[in-house]
Amino acid sequence: MLNYRHLHYFWVVTKEGGFARAAERLDMAIQTISAQVRELEKSLGHQLLKPSGRGVTLTEAGQAAFARAEEIFQLGQSIPDEVREAANGKVARLAVGLSDGISKLAAHALLEPVLSTPNLRLVCHEGEFEQLLSELALHHLDLVLAGQAAPRNPNLRLTSERLVDSPVDWYGPARLAGKAERDRFPQCLNDLPVLMPTGHSALRPTLDHWFETQGLRPRIVGEFEDSALLAVFSARGLGVFPVSRLGAEDVGLMRGLRFLGCSDGVKEEIHAIRSRRGQHHPLVTKVMTAARP
């Protein structure tokens, strides 16, 4: 078992830049701290610190250890406040994983029904699909929104439900989405600068296939993982872009964007994935209920 007290001494020494300043901060003898850090190095089997001038610096192994220690002790500093808030019943916490590539504008629309919850603490993590499923299975997340269903794996004990099957519309700044362009949609996409989601998005191959069936060869000038960034850069005049109709309500709030046309037959799917514990989370239930037809 890792000795977290030794890890803490190492963390403080690194933060302070040397054993003397760490000893002063911890109100301990330098020799005691030095001995504890050596015990940590012995248990890990690698040197973590090396002399540097009047202080110390991290070895490569030490950099890896410090990165994890930083996460651990920053989380630890938040525990008292979170415990106090939970004990007082003041915080409604919802941790949501957002899979790379899904429309963040659509995700915002799905979460909107719970955003007015009193004392809400919404924590959103963006990451790779498999990583988010692992965190969900370990109960680090309450809900995952992804462009695909969870694979069948009895060990994970996860359930999936398709919440969104939304048509995909195109928007752009007024100078690129005028009446002449709307009348020629979708052929106008051959003549306009186009912004697209990256290959991480489950929507990208669907759009590429739609271009092919329509005989389109658009000039792609930018690719973004985040649909909100697509909207921002489009509003600044860089190009036109696709967005699920569910997220288009947020697009309407962005000054200067105009509707251009609809990609017939193209839809974005978003699946809600829960663990067994998440099925009983009241805010997850509220999100699911509001999204169902």
Item to complete: For Arg68, check salt bridge (charged side-chain N to carboxylate O under 4.0 Å, His left out) against everything at least two apart and list the hits.
Response: Glu71
Fill in: Heavy-atom closest pair, residues Ala231 and Leu257
O-CD1, 4.0 Å
Practice prompt. Report the distance from atom OG of Ser99 to atom CD1 of Ile273, rounding to the nearest 0.5 Å.
Written response: 8.0 Å
Worksheet, complete the sentence: What one should report as the nearest heavy-atom pair of Asn190 and Arg217 is OD1-N, 2.7 Å
Practice prompt. Supply the atom-to-atom distance Glu126 CD to Leu132 CG, rounded to the nearest 0.5 angstrom.
Written response: 8.5 Å
Discussion item. Minimum heavy-atom separation for Cys262 and Phe185, please, with both atom names.
Written reply: O-CE2, 3.2 Å
Practice prompt. State which residues pass ring-ring contact (aromatic ring centres under 6.0 Å, His included) with His6; sequence neighbours excluded, sorted by chain then number.
Written response: none
Worksheet item: Partners of Lys42 by salt bridge (charged side-chain N to carboxylate O under 4.0 Å, His left out), sequence neighbours excluded?
Response: none
Worksheet item: Within the distance-only criterion (no hydrogens, no angle test), does the side chain of Thr32 pair as donor or acceptor with the backbone N or O of Met28 below 3.5 angstrom?
Response: no
Response to the item:
Of all heavy-atom pairs linking Pro186 and Gln214, the shortest is CG-OE1, 3.7 Å
Worksheet item: Would a distance-only check, ignoring hydrogens and angles, find a side-chain to backbone donor-acceptor pair under 3.5 Å from Thr117 to Val114?
Response: yes
Worksheet item: Would you find a donor on one side and an acceptor on the other, under 3.5 Å apart, between the side chain of Gln47 and the backbone of Leu49?
Response: yes
Worksheet item: Among the clusters formed by ILVMFWY side chains lying less than 4.5 Å apart, do Phe19 and Phe66 turn up in the same one?
Response: yes
Worksheet item: Do His200 and Glu128 come close enough that some side-chain heavy atom pair is under 4.5 Å?
Response: yes
Worksheet item: So which heavy atom on Val168 is nearest to which on Glu268, and how close?
Response: CG2-N, 3.9 Å
Worksheet entry | Single-linkage hydrophobic cluster Leu105~Leu260, side-chain heavy atoms < 4.5 angstrom | no
Discussion item. Please check this pair: side chain of Thr289 against backbone of Thr285, looking for a donor-acceptor N/O pair closer than 3.5 Å.
Written reply: yes
Item to complete: Run the numbers on Leu192 and Glu181 for side-chain contact (heavy atoms from CB on, under 4.5 Å), then give the verdict.
Response: CA-CA 9 Å; Leu192 296 174; Glu181 288 77 19; 4.2 Å; yes
Worksheet entry | Close side-chain approach of Met196 to Phe241, heavy-atom, < 4.5 Å | no
Discussion item. Quick one: does any side-chain atom of Asp169 pair with a main-chain N or O of Arg245 as donor and acceptor, under 3.5 Å?
Written reply: no
Worksheet item: How long is the gap from OH on Tyr9 to CG on Asn3, to the nearest 0.5 Å?
Response: 8.5 Å
Fill in: Member of Leu230, Leu176, Leu195 meeting the side chain to side chain contact (heavy atoms under 4.5 Å, CB included) criterion with Leu238
Leu195
Practice prompt. Verify the neighbour count for atom NE2 of His209: are there more than 12 heavy atoms of other residues, nucleotides or ligands below 6.0 Å?
Written response: no
Discussion item. Within the structure provided, determine whether Leu98 and Val96 are in side-chain contact (heavy-atom separation under 4.5 Å).
Written reply: yes
Discussion item. Show, in sequence, the C-alpha distance, side-chain angles and deciding distance for Leu145 and Ile102, and conclude whether the side-chain contact (heavy atoms from CB on, under 4.5 Å) test is met.
Written reply: CA-CA 8 Å; Leu145 299 177; Ile102 70 166; 3.9 Å; yes
Discussion item. Quick check: is Phe10 connected to Val12 through a chain of hydrophobic side chains (ILVMFWY, heavy atoms under 4.5 Å apart)?
Written reply: yes
Discussion item. Any non-hydrogen side-chain atom of Trp170 less than 4.5 Å from a side-chain atom of Cys188?
Written reply: no
Discussion item. Please give the remaining members of the hydrophobic cluster of Val123, linking ILVMFWY side chains under 4.5 Å, ordered by chain and number.
Written reply: none
Worksheet item: Are Ser103 and Ser227 linked by a side-chain donor-acceptor pair shorter than 3.5 Å?
Response: yes
Worksheet item: Any side-chain heavy-atom pair from Arg219 and Leu189 closer than 4.5 angstrom?
Response: no
Worksheet item: Tell me the ring pair (Phe, Tyr, Trp, His ring centres under 6.0 Å) pairs involving residues 219-238, sequence neighbours left out?
Response: Phe224-Phe233
Worksheet item: Do Ser234 and Pro173 come close enough that some side-chain heavy atom pair is under 4.5 Å?
Response: yes
Item to complete: Verify the cluster assignment for Val164 and Val266: are they in a single hydrophobic cluster under the rule of side-chain heavy atoms below 4.5 Å apart?
Response: no
Fill in: Residue pair Glu223, Arg204: steps toward the salt bridge (charged side-chain N to carboxylate O under 4.0 Å, His left out) verdict
CA-CA 10 Å; Glu223 299 181 58; Arg204 179 61 183 266; 2.9 Å; yes
Discussion item. Looking at every non-hydrogen atom in both residues, tell me the closest pair between Leu203 and Lys267 and how far apart they are.
Written reply: CD1-O, 4.0 Å
Discussion item. Please tell me whether Phe259 and Leu207 are part of a single hydrophobic cluster in this structure, the criterion being side-chain heavy atoms less than 4.5 Å apart.
Written reply: no
Worksheet item: Can you tell me how far the CG atom of Leu111 sits from the CG atom of Leu120, to the nearest 0.5 Å?
Response: 9.5 Å
Discussion item. Counting only heavy atoms not in Glu24 (residues, nucleotides, ligands), do more than 12 fall under 6.0 Å from its CD?
Written reply: no
Item to complete: Using ring-ring contact (aromatic ring centres under 6.0 Å, His included) as the criterion, list what pairs up with Tyr4, not counting sequence neighbours.
Response: none
Worksheet item: Would you find a donor on one side and an acceptor on the other, under 3.5 Å apart, between the side chain of Thr59 and the backbone of Leu48?
Response: yes
Discussion item. Any heavy-atom pair between the side chains of His125 and Gln131 that's under 4.5 Å?
Written reply: no
Worksheet item: Any donor and acceptor pair, going by atom type alone, linking the side chain of Ser275 with main-chain N or O of His139 inside 3.5 Å?
Response: no
Worksheet entry | Pairwise side-chain contact, Met288 with Glu161, heavy-atom cut-off 4.5 Å (strictly under) | yes
Discussion item. Check whether Arg21 reaches the backbone of Val13 with its side chain - one donor and one acceptor, N or O, closer than 3.5 Å.
Written reply: no
Discussion item. Quick one: does any side-chain atom of Thr213 pair with a main-chain N or O of Trp210 as donor and acceptor, under 3.5 Å?
Written reply: yes
Response to the item:
dist Glu39:CD -> Glu41:CD (nearest 0.5 Å) comes out at 10.0 Å
Practice prompt. First locate atom CG of Leu216, then atom CG of Asp208, and finally report the distance between them rounded to the nearest 0.5 Å.
Written response: 11.5 Å
Practice prompt. Assess whether side-chain contact (heavy atoms from CB on, under 4.5 Å) is satisfied between Tyr171 and Val240, documenting all intermediate values.
Written response: CA-CA 6 Å; Tyr171 282 78; Val240 299; over 6 Å; no
Discussion item. What I want to find out is whether Arg274 reaches Asp142 closely enough, with some N-O distance under 4.0 Å, to be called a salt bridge.
Written reply: no
Practice prompt. Go through the steps to decide whether Leu2 and Leu40 satisfy the test side-chain contact (heavy atoms from CB on, under 4.5 Å), and finish with yes or no.
Written response: CA-CA 8 Å; Leu2 181 67; Leu40 176 65; 3.7 Å; yes
